[in-house]
Amino acid sequence: MKSLFLLAPLFLALSTTSLFILLPLYVYPGSQASAWSPATAAIAAYPKVQWQVIVNPASGPGTTGYPTDANYITGINYLNSYANVKTLGYVDTNFTHRAYSAVVSDINVYATWASYTETNANISIAGIFFDDVNNTATAPGSTAVSTYMQNASAYAYANVPSDITPVVFNPGSLAPTGLFSYCDTMVEFENTQSSYKNQTTINTIPSAYRDQSAILVYSITTANVSSLVHTMALDGVEAVYFTSDCCYNSLNGTLLMQLAAAVQAG
Ligand SMILES: *[C@@H]1O[C@H](CO)[C@@H](O)[C@H](O)[C@H]1NC(C)=O
Ligand SMILES: *[C@@H]1O[C@H](CO)[C@@H](O)[C@H](O)[C@H]1NC(C)=O
Ligand SMILES: *[C@@H]1O[C@H](CO)[C@@H](O)[C@H](O)[C@H]1NC(C)=O
Ligand SMILES: *[C@@H]1O[C@H](CO)[C@@H](O)[C@H](O)[C@H]1NC(C)=O
Ligand SMILES: *[C@@H]1O[C@H](CO)[C@@H](O)[C@H](O)[C@H]1NC(C)=O
Ligand SMILES: *[C@@H]1O[C@H](CO)[C@@H](O)[C@H](O)[C@H]1NC(C)=O
Ligand SMILES: *[C@@H]1O[C@H](CO)[C@@H](O)[C@H](O)[C@H]1NC(C)=O
């Protein structure tokens with residue numbers, strides 16, 4: 001589903017790295033989206049760094065069409081005002097235990113947000129982040145997993161109104177390589193800093209798939225952010241996120257600035 005191949009030489013000429021930041025923005029936006037300001041400050045400070053920001057009002061979009069909470073309208077409109085941001089809608093698949101019709105319903109709700117005009121806000125969603133993706137490769141029933149995920153991503157590509165519709169799968173661990181053809185980006189590692197082993201972890205990701213792979217590291221205490229990110233960039237990893245907390249429920253502005261600086265440096 002990579003369609004940017006022809007643009008790659010131009011992209012390389014404009015940017016030192018193609019590594020982008022994949023930010024699960026599950027923090028409640030707060031009044032006037034003030035709780036998101038550590039993220040938007042880093043987005044604004046490093047305009048050459050590309051961000052994909054996952055918005056998640058209710059473990060999904062909620063069932064009511066447009067967000068009923070004005071703070072989400074304000075916050076998503078603010079994210080959309082940055083040229084270096086693409087917003088992704090969070091959709092749970094619960095390892096294929098969630099009814100496929102519920103997945104479709106979530107995608108339909110996000111798709112409608114492009115038509116929102118009530119307060120002159122732009123809350124359009126550019127792509128979909130599928131969480132809890134089943135990484136079963138060989139167990140009986142694995143064909144069902146790949147059919148479910150192929151269906152889900154095809155539905156997102158067809159229905160989310162965006163030029164490129166980034167689709168991210170998050171198994172949080174190594175995925176069967178057959179699943180890569182259904183998404184743009186696969187989260188191949190999502191774990192604590194103590195589990196993240198720099199080059200050793202990157203080496204577990206098949207080299208042919210690193211340019212479609214994201215690494216999300218949480219529970220960071222102190223990390224040599226620039227060195228770890230530099231190693232990812234050298235190895236052609238596609239996307240990264242580092243956070244101090246365990247569950248994407250708080251933002252660390254200092255760490256976000258360090259991460260953005262490191263990604264820009266490549
Ligand atoms: C809304 O924001 C997105 C992301 O920046 C942009 O692609 C889209 O063109 C905007 N829509 C309108 C109607 O301005
Ligand atoms: C996910 O599926 C399992 C097994 O069917 C179920 O027990 C669990 O409640 C589901 N979780 C969510 C968040 O829906
Ligand atoms: C993954 O899918 C397989 C096949 O449908 C299923 O047996 C298994 O329970 C799923 N894995 C998890 C963690 O739910
Ligand atoms: C995949 O989509 C097809 C066509 O819409 C549908 O018949 C099938 O049940 C879907 N399969 C899964 C596993 O969701
Ligand atoms: C990460 O691994 C690279 C390659 O082996 C090494 O050069 C670098 O010093 C390491 N960084 C840290 C913080 O361990
Ligand atoms: C970070 O790692 C690099 C490469 O291993 C090393 O040169 C540098 O001194 C480290 N910085 C800190 C603050 O530890
Ligand atoms: C935020 O990140 C900085 C830089 O990595 C770190 O020193 C600090 O302890 C972190 N703060 C929290 C509350 O985790």
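This one's a predicted model, so the numbers in the text were calculated from it and none came from an experiment. Order of listing sets the numbers, starting from 1, for every ligand and every atom in it.
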For Ser124, atoms of ligand 1 separated by under 4.0 Å from a heavy atom:
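Selected atoms, number and element: 1 (C), 2 (O), 3 (C).
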
| said: Check for me, please, whether Phe130 and Phe95 land in the same ILVMFWY cluster - side-chain distances under 4.5 Å, paths through other members count. | reply: no

Do Tyr157 and Tyr100 share a hydrophobic cluster, counting only Ile, Leu, Val, Met, Phe, Trp and Tyr and linking them when any side-chain heavy atoms are less than 4.5 Å apart?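 The answer is yes; both residues are in one hydrophobic cluster.
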
Numbered in order shown, the ligand 3 atoms found under 4.0 Å of a heavy atom of Thr136 are 1 (C), 2 (O), 3 (C)

Counting from 1 in the order shown, the ligand 3 atoms closer than 4.0 Å to a non-hydrogen atom of His97 are 9 (O), 12 (C), 14 (O)

Open item on the list: Quick test of your reading of the model: are Asp106 and Arg98 salt-bridged, counting only N-O distances below 4.0 Å?
Closed with: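 Here Asp106 pairs with Arg98 in a salt bridge, since their nearest N and O are under 4.0 Å apart.
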
Nearest heavy atom to atom 2 (O) of ligand 3, choosing from Asn134, Asn94, Thr143, belongs to Asn134

For atom 1 (C) of ligand 1, which candidate among Asn122, Thr117, Asn77, Val85 provides the closest heavy atom?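 Comparing heavy atoms across Asn122, Thr117, Asn77, Val85, the nearest one to atom 1 (C) of ligand 1 lies in Asn122.
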
I need the nearest protein heavy-atom contact for [atom]: residue, atom name and distance, please.
| atom | result |
| --- | --- |
| atom 11 (N) of ligand 5 | Ser227 OG, 2.7 Å |
| atom 4 (C) of ligand 5 | Gln199 OE1, 3.5 Å |
| atom 5 (O) of ligand 1 | Asn80 O, 2.8 Å |
| atom 7 (O) of ligand 5 | Thr231 OG1, 4.8 Å |

Item to complete: Indicate the ring-plane relationship of Tyr241 and Tyr248, choosing parallel, tilted or perpendicular according to the 30° and 60° boundaries.
Response: tilted

query: Taking the six-membered ring for Trp, is the centroid-to-centroid distance between Trp113 and Tyr110 below 6.0 Å?
result: yes

- prompt: Quick check, are the ring centers of Tyr182 and Phe169 under 6.0 angstrom apart?
  reply: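 No, they do not, as the ring centres are separated by 6.0 Å or more.
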
If you compare all heavy atoms of Asp245 against all heavy atoms of Tyr218, which two are closest, and at what distance to 0.1 Å?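 Minimum heavy-atom separation between Asp245 and Tyr218: O-CB, 3.3 Å.
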
Correct closest heavy-atom pair for Asn84 and Val49 would be ND2-O, 2.9 Å

For atom 14 (O) of ligand 1, is the nearest protein heavy atom closer than 4.0 Å?
->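 Given the 4.0 Å cut-off, atom 14 (O) of ligand 1 counts as touching protein heavy atoms.
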
Please check if a non-hydrogen protein atom sits closer than 4.0 Å to atom 9 (O) of ligand 5. yes

Note: ligand 5 atoms sitting under 4.0 Å from heavy atoms of Asn224 are 13 (C)

| message | Does ligand 5 come near enough to Asn198 that some N or O of the ligand is less than 3.5 Å from an N or O of the residue? | response |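 Asn198 vs ligand 5: N/O contact under 3.5 Å present.
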
Practice item. Decide if atom OH of Tyr155 counts as having more than 12 heavy atoms of other residues, nucleotides or ligands within a radius under 6.0 Å. Key: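 Atom OH in Tyr155 is packed in, count exceeds 12.
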
